[in-house]
Amino acid sequence: MRPSDEALIVIDVQNDFCPGGALAVADGDAILPRVNALMDDFAVKVLTQDWHPADHASFAANHPGAAPFSVTEMPYGPQVLWPTHCVQGSAGAAFHADLHTDPADLIIRKGFRAGIDSYSAFFENDHETPTGLEGYLRTRGVRRLTLVGLATDFCVAFSAIDAARLGFEVTVLEGACRAIDLDGSLAKARADMAAAGVRLEP
Ligand code: VGL
Ligand code: ZN
C-alpha cells in the first residue's frame, strides 16, 4: 500500500469515452484492469466525472452550423466543440460498469456550468475557477499524485499540468490512459506535461 500522502486520481472513465460512447476514445476500456488494480494500491483514491448540462457550451449541437471537433472562441479562450457527451444523469455519463467505484474516497464532478468547460479536475477552462479538489487533497495531507484515465491529451493532461503548477509531485501512467489525438493534441499534451514537470511513465 502506498503512503497516505499519495493519491490516485482516475479521470473520466465513463461510458461516453469508451467504445460505443458518444465521444469514444479508441481502446478506452482497455485501461480498466490496470486502473482497478491501482485502486488497491493507493490509500487515497479520487474519481472524476465529466458532468455536463444538456445546454452545455462545449457541445457543437448548441452552436448552430458548427461541426463537432471544430474550434470556437469562448470568453476564456479557444474551445473545441465536442459531440454531445456525459450529459448529467445519462447512461453515457455513468462510470464504465467494470470500474471499481466502491473503493473511491471522493467523486468529483466537473463541467456542470453551462457556459464553461472543465477539462482539468482542478480548474475550469478559464484556469481560475476551482473545483475544490486542491483543498480536498491538501487537507488530507496529499502531496504526490498518480493520474490515469481518459483522455490523455485533454482531461488527464490539463489535470496533470494544473496539479504540477499547484506544487504536487505528479506522475501520469500513460499505459493506463488513452488519447483522443485530435490534430496532434497528444504530442502537444505530452510536451506540455513534460515542460510542466509532470513525470510520464508507461
Ligand atoms: C474530455 C473532451 C470533452 C476528457 C471531456 O475527459 O478528456 N474530453 N470532455
Ligand atoms: Zn466534456
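Atoms considered below: every heavy atom in the structure, side chains included; atoms not considered: hydrogens, waters and symmetry mates. Counting starts at 1 for both ligands and their atoms, following the listed order.
- Seen from the Zn ion (ligand 2), atom OD2 of D50 and atom NE2 of H85 lie 100° apart in angle, a value rounded to 10°.
- Using a cut-off of 2.8 Å, one finds that H52 contributes an N/O/S atom close to the Zn ion (ligand 2).
- Listed by number with element, the atoms of ligand 1 under 4.0 angstrom from any heavy atom of H85 are 3 (C), 9 (N).
- For ligand 1, the polar-atom distance check finds an N/O of A151 within less than 3.5 Å of one of the ligand's N/O atoms.
- When only non-hydrogen protein atoms are considered, atom 6 (O) of ligand 1 lies nearest to D12 OD2, 2.7 Å.
- Polar contact check, L150 against ligand 1: a nitrogen or oxygen pair lies under 3.5 Å apart.
- Within 6.0 Å of atom CZ in R109, more than 12 heavy atoms from other residues, nucleotides or ligands are found, so the atom counts as buried in its surroundings.
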For residues 69-76, tabulate all N or O donor-acceptor pairs below 3.5 Å that involve a side-chain atom, not counting sequence neighbours.
residue: S70; atom: OG; partner: A67; partner atom: O; Å: 2.6
residue: Y76; atom: OH; partner: Q79; partner atom: OE1; Å: 2.8
residue: Y76; atom: OH; partner: D117; partner atom: N; Å: 3.3

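- Considering only heavy atoms from C-beta on, V80 comes within 4.5 Å of Y119 through its side chain.
- In this structure, R165 fails the cation-pi test against F122, since its NZ or CZ atom is not both closer than 6.0 Å to the six-membered ring centre and inside 45 degrees of the ring normal.
- The environment of CG in N62 is crowded: more than 12 heavy-atom neighbours from other residues, nucleotides or ligands sit within 6.0 Å.
- Of the candidates V10, V13, I11, T171, V10 is the only one forming a side chain to side chain contact (heavy atoms under 4.5 Å, CB included) with V148.
- Close N/O approach between D50 and ligand 1 is found [any backbone or side-chain N/O within under 3.5 Å].
- In the vicinity of C155, heavy-atom distances shorter than 4.0 Å reach the ligand 1 atoms 1 (C), 4 (C), 5 (C), 6 (O), 7 (O).
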